[in-house]
**Student:** 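Would you mind keeping the following structure in view while I ask a few things?
None of the values given here were measured: they were computed from a predicted structure. All heavy atoms count here, side chains included; hydrogens, waters and symmetry mates do not.
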Amino acid sequence: QVQLVESGGGLAQAGGSLTLSCTTSARTFIHSALGWFRQRPGREREFVSAISWIPGTTLYADSVEGRFTISRDNAKNTVYLQMNSLQPEDTATYFCAMDDRGRIGRLVIEWDFWGRGIPVTVSS
């Protein structure tokens, strides 16, 4: 069974930075698409960013474009989300997702495997 484990969340001040990591032992990691979603209090889970297994193909939500950067290290089976210029509205539980067929999409239903989520709190 595929397991995704997020780390790196916590508390940050507005304008600050955090880097989230997600590691998996999945053998298909190198050919998988990886994504980040978040769920803010009282809201549905929403797309943040995704990266395909083909280097250089990335997607971002408009709300994080230019502030967040997704990357992957296939040697470490890890995907990262560098979050800069954090704002209080970025406060959410962040989830890592994986599609082992290598497809990226903005919809929750398009992703096959999920981590348990990690909280990020941005104070003003």
**Student:** If you count every heavy atom of other residues, nucleotides or ligands that lies below 6.0 Å from R40 atom CZ, does the total exceed 12?
**Tutor:**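 Counting neighbours around CZ of R40, more than 12 heavy atoms of other residues, nucleotides or ligands fall under 6.0 Å, so yes.
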**Student:** In the hydrophobic clustering that connects Ile, Leu, Val, Met, Phe, Trp and Tyr at side-chain heavy-atom distances below 4.5 Å, which members other than L11 occupy its cluster, ordered by chain and number?
**Tutor:**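 Traced through the cluster, L11 reaches no other member.
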**Student:** Show your reasoning for whether salt bridge (charged side-chain N to carboxylate O under 4.0 Å, His left out) applies to R38 and E46.
**Tutor:** CA-CA 5 Å; R38 68 185 182 187; E46 63 180 2; 2.7 Å; yes
**Student:** Enumerate the residue pairs fulfilling ring-ring contact (aromatic ring centres under 6.0 Å, His included) with a member in residues 58-79, sequence neighbours excluded, ordered by first and then second residue.
**Tutor:**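 Every candidate ring-ring contact (aromatic ring centres under 6.0 Å, His included) pair involving residues 58-79 fails, so no pair, neighbours aside, qualifies.
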**Student:** Under the criterion side chain to side chain donor-acceptor pair (under 3.5 Å), I'd like the reasoning laid out for T19 against Q82: C-alpha separation, chi angles, the key distance, then a yes or no.
**Tutor:** CA-CA 4 Å; T19 300; Q82 173 68 43; 2.4 Å; yes
**Student:** Measuring from atom OG1 of T58 to atom CZ of R72, what distance do you get when rounded to the nearest 0.5 angstrom?
**Tutor:**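 Between atom OG1 of T58 and atom CZ of R72 there are 12.0 Å.
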**Student:** Rounded to the nearest 0.5 Å, what's the gap from CG on L81 to CD1 on I118? Could you check?
**Tutor:**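 With rounding to 0.5 Å, CG (L81) is 11.5 Å from CD1 (I118).
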**Student:** Could you tell me whether the side chain of W111 and the main chain of G105 form a donor-acceptor pair under 3.5 Å?
**Tutor:**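 Side chain of W111 to backbone of G105, a donor-acceptor pair under 3.5 Å: yes, one is there.
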**Student:** If you define the side chain from C-beta out and look only at heavy atoms, does anything of E110 sit under 4.5 Å from D99?
**Tutor:**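 Heavy-atom side-chain distance check fails, nothing below 4.5 Å.
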**Student:** Report the C-alpha separation of D100 and S32 in whole Å, then their side-chain angles, then the decisive distance to 0.1 Å, and conclude whether the side chain to side chain donor-acceptor pair (under 3.5 Å) test is met.
**Tutor:** CA-CA 4 Å; D100 62 2; S32 298; 5.8 Å; no
**Student:** Do W36 and V64 share a hydrophobic cluster, counting only Ile, Leu, Val, Met, Phe, Trp and Tyr and linking them when any side-chain heavy atoms are less than 4.5 Å apart?
**Tutor:**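 W36 and V64: one cluster.
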**Student:** Please evaluate residues D90 and V120 with respect to the criterion side chain to side chain contact (heavy atoms under 4.5 Å, CB included), reporting the C-alpha separation (whole Å), side-chain torsions for both, the decisive distance (0.1 Å), and the verdict.
**Tutor:** CA-CA 8 Å; D90 294 318; V120 170; 5.7 Å; no
**Student:** I'd like to know if the side chain of T91 and the backbone of V122 have a donor-acceptor N/O pair within less than 3.5 Å.
**Tutor:**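 Checking the backbone N and O of V122 against the side chain of T91, a donor-acceptor pair under 3.5 Å is found.
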**Student:** Quick check against the 3.5 Å criterion: does S49 have a side-chain atom that pairs as donor or acceptor with the backbone of L59?
**Tutor:**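 Here the side-chain-to-backbone pair exists.
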**Student:** Hey, what do you get for CG (L86) to CZ (R67), rounding to the nearest 0.5 Å?
**Tutor:**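 L86 CG to R67 CZ: 6.5 Å, rounded to 0.5 Å.
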**Student:** Take atom CD of E89 as the centre, draw a 6.0 Å sphere, and report whether it contains more than 12 heavy atoms from other residues, nucleotides or ligands.
**Tutor:**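 Yes, the 6.0 Å shell around CD holds more than 12 heavy atoms from other groups.
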**Student:** Considering the options F95, W114, Y94, which one meets the ring-ring contact (aromatic ring centres under 6.0 Å, His included) requirement together with F37?
**Tutor:**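 The residue from F95, W114, Y94 that satisfies ring-ring contact (aromatic ring centres under 6.0 Å, His included) with F37 turns out to be W114.
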**Student:** How long is the straight-line distance from SG of C96 back to CD of Q3, given to the nearest 0.5 Å?
**Tutor:**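 If I round to the nearest 0.5 Å, the distance is 12.5 Å.
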